[in-house]
Visitor: 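First the structure, which I've put down as structure tokens, then a few questions once you've had a look.
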Amino acid sequence: KKPTIAVIGSSSMDLVVSSDKRPQAGETVLGKAFDTVPGGKGANQAVAAARLGADVYMIGCVGEDTYGEEITANLKNNGVHTDYVEPVTHERSGTAHIILAEGDNSIVVVKGANDHVTPQYIEKAEELLKNSDLVMIQQEVPEETVVHAAELCSRYGVPLLLNPAPARPVPEEVLAQVSYITPNEHEAEVLFGGPALSEALKVHQNKLFITEGAAGVRWHNGREEVLVPSFPVQAVDTTGAGDTFNAAFAVAVAEGKGMEESLRFANRAASLSVTGFGAQGGMPSREAVEEGLKP
Ligand code: RIB
Ligand code: NA
């Protein structure tokens, strides 16, 4: 049976400039191309999970603008249920202003309607959350919402995966209540402090998964610290790789796969995602990931 996954989070339009050079402060450079593509960490995770075969519900807000309509249509086109995606009056959709240059991205996020994904707002979806196999959340929504989601999920015994991106300290009680937390190296430093990372992995064994990009993902399985290596690929655009990793991990875990297998599945999906332009561009189908995992 398909697992039911609810994603609480942001949905935005990504405004992407491709350029050979990233401008310094005060500098102007000529870019190569401009594209608008759907993004936002929440929506990205929802789309990735749907492509991997889960039954996915997005809980989010869009603006009262054309981006909002495009964002919602895109979710639907990818098979994501949008019953809990609402336009907010007099508000603009979230936007992410991305510069793709010198083989990497830099991003400014303007949250817009995503700030309306409040504790009260997610309560409208309480029944859905209660009946989900797993819930996902990230940090492009207010901190109170993350706190409330953690409370609700722990009350109902539903596993919650917190992707603590962008970086922001996570309250102790949230850390205690979540089932999985997946910072990248920078976010892990903000959460646990650099030198203490090995200690944090041990304390939060089977819960804390530190993603190290092209290197893979680090965790502690109760006996030892392990690095599950990622798959080498030629990257076109790494935007959304983390979202694909989180979604694939969530789908695998919700299906009852073991930790090691789920992490390999997630690494494979993430590595495929970077081969296409845009956050959702390379996000793979279930078949593509399974094909990619064959020896
Ligand atoms: O994780 C990638 C996403 O982060 C992009 O789609 C962009 O919206 C930013 O918020
Ligand atoms: Na991509």
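Each residue takes its place number in the sequence, starting with 1. In this text, all values refer to a predicted model and were calculated from it rather than measured experimentally. Atoms within each ligand, like the ligands themselves, are counted from 1 in listed order.
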Visitor: How open is the angle at the Na ion (ligand 2) from atom O of G278 over to atom O of S273, rounded to 10 degrees?
Guide: 160°
Visitor: Would you say S12 and ligand 1 have an N/O pair spaced under 3.5 Å apart?
Guide: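 For ligand 1, there is no N or O atom that lies under 3.5 Å from one belonging to S12.
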Visitor: Taking the non-hydrogen atoms of G40, is any one of them nearer than 4.0 angstrom to ligand 1?
Guide: yes
Visitor: May I ask you to check if any N/O/S atom from F277 comes under 3.0 Å of the Na ion (ligand 2)?
Guide: no
Visitor: Please could you name the atoms of ligand 1 that A279 approaches to less than 4.0 Å, counting only its heavy atoms?
Guide: 6 (O)
Visitor: Answer whether the closest heavy-atom distance between the side chains of I8 and Y84 falls below 4.5 Å.
Guide: no
Visitor: As an exercise, identify every atom of ligand 1 less than 4.0 angstrom from a heavy atom of G39.
Guide: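 That gives atoms 6 (O), 8 (O) of ligand 1.
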Visitor: Check each atom of ligand 1 against the heavy atoms of V109 and keep those under 4.0 Å away; list them by number with element.
Guide: 10 (O)
Visitor: Verify the distance test for T239 against the Na ion (ligand 2): any N/O/S atom under 3.0 Å, yes or no.
Guide: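 Checking T239: none of its N, O or S atoms is under 3.0 Å.
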Visitor: Which atoms from ligand 1 have a heavy atom of D14 less than 4.0 Å away?
Guide: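 Selected atoms, number and element: 5 (C), 6 (O), 7 (C), 8 (O).
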Visitor: For atom 9 (C) of ligand 1, what is the closest protein heavy atom, and at what distance to 0.1 Å?
Guide: E140 OE2, 3.6 Å
Visitor: Show me which atoms of ligand 1 lie under 4.0 Å from any heavy atom of D243.
Guide: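 Near D243, the atoms of ligand 1 are 1 (O), 2 (C), 3 (C).
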Visitor: Below 3.0 Å, can you find an N, O or S atom of G282 next to the Na ion (ligand 2)?
Guide: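 So G282 does not bind the Na ion (ligand 2) by this criterion.
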Visitor: Can you tell me which residue and heavy atom of the protein come closest to atom 3 (C) of ligand 1, and the distance to 0.1 Å?
Guide: N44 ND2, 3.6 Å
Visitor: Please find out if less than 6.0 Å separates the ring center of F249 from that of F209.
Guide: yes
Visitor: Could an N or O of ligand 1 be found under 3.5 Å from any N or O of I98, whether backbone or side chain?
Guide: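 In fact, backbone or side chain, I98 has no N or O that close.
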